[in-house]
Amino acid sequence: MNKSIILVGYMCVGKTTIGRDLAKLMNRTFYDLDWYIEERYHTKVSQIFAEKGEAHFRDLERRMLHEVAEFENVVLSCGGGTPCFFDNIDYMNQVGEVFYLKASPETILQHLSMSRGERPLLKDKTPEQLQQFVTEQLAQREPFYSKARHIVDVNVLDSFDKIKFVTQDIANAIG
Ligand code: S3P
């Protein structure tokens, strides 16, 4: 059985885009954990945060992680916070090959300016607040992300074309 490939990293580093590409390249099924939660519960992640709070979301996220990560032959991209709660990162390292897509705060802020999407943790912030929040939260999360078995620098992703180099690097690491 092929262990799942699990992508972690901060919001907007490209987990979903790279994950989808990688799944195609490796002939695996792609899952995005947020989308999986939304389909399973027929609710947007932003709505779960607003109506039930973050603690409730983290509990659901943990349970759904356990459901999807043990499917066969998958690429799974997680939410930015997934590895930072409970023992999630240790569990991921046990059941899959975990890749941390590592980007600097500058790269993340640049990607964010192009797509803020519906990210409950980032909404209603001025550019200055956003910069401070991203820098501080990334520093807090780094110790969890860094427990991933593989680390991939995605600061190079300044054009769409370069995604194929990153996906190829990950595919090569798996062998
Ligand atoms: C979160 C990231 C989001 C989503 C939720 C919380 C986080 O996923 O799970 O809004 O805590 O970083 P993306 O990283 O796919 O945006």
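For ligands, and for the atoms within them, numbers begin at 1 and follow the listed sequence. It should be emphasised that the depicted structure is a prediction, and the values quoted were computed from it without experimental measurement.
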Point to revise | Spacing of Ile163 atom CD1 and Asp21 atom CG [to the nearest 0.5 Å] | key: 6.0 Å
Check your understanding: CG/Leu22 to NZ/Lys164 distance, rounded to the nearest 0.5 angstrom?
Key -> 15.0 Å
Review point. For ligand 1, which atoms sit closer than 4.0 Å to a heavy atom of Gly79?
Key: 8 (O), 9 (O), 14 (O)
Practice item. Kindly say whether Val98 contributes a backbone atom to a donor-acceptor pair with the side chain of His150 at under 3.5 angstrom? Key: no
Check your understanding: Under 4.0 angstrom from ligand 1, any heavy atom of Arg58?
Key -> yes
Check your understanding: Can a non-hydrogen atom of Arg141 be found less than 4.0 Å from any atom of ligand 1?
Key -> yes
Practice item. From atom 15 (O) of ligand 1, work out which of Leu121, Asp34, Thr82 has a heavy atom at the shortest distance. Key: Asp34
Review point. Looking only at non-hydrogen atoms, which of Cys84, Pro120, Gly80 approaches atom 2 (C) of ligand 1 most closely?
Key: Gly80
Exercise for review: Classify the contact between Thr16 and ligand 1 as side chain, backbone, both or neither, using a heavy-atom distance cut-off of under 4.0 Å.
Suggested key: neither
Check your understanding: For atom 16 (O) of ligand 1, what is the nearest protein heavy atom, given as residue, atom name and distance?
Key -> Arg119 NE, 2.7 Å
Exercise for review: Distance to 0.1 Å, residue and atom name: give those for the protein heavy atom nearest to atom 7 (C) of ligand 1.
Suggested key: Gly81 N, 3.3 Å
Point to revise | Arg58/Glu54 salt bridge by N-O under 4.0 Å criterion | key: yes
Review point. Between Thr43 and Gln47, is any side-chain donor less than 3.5 angstrom from a side-chain acceptor?
Key: no
Check your understanding: Looking at His66 versus Tyr91, is the centre-to-centre ring distance below 6.0 Å?
Key -> yes
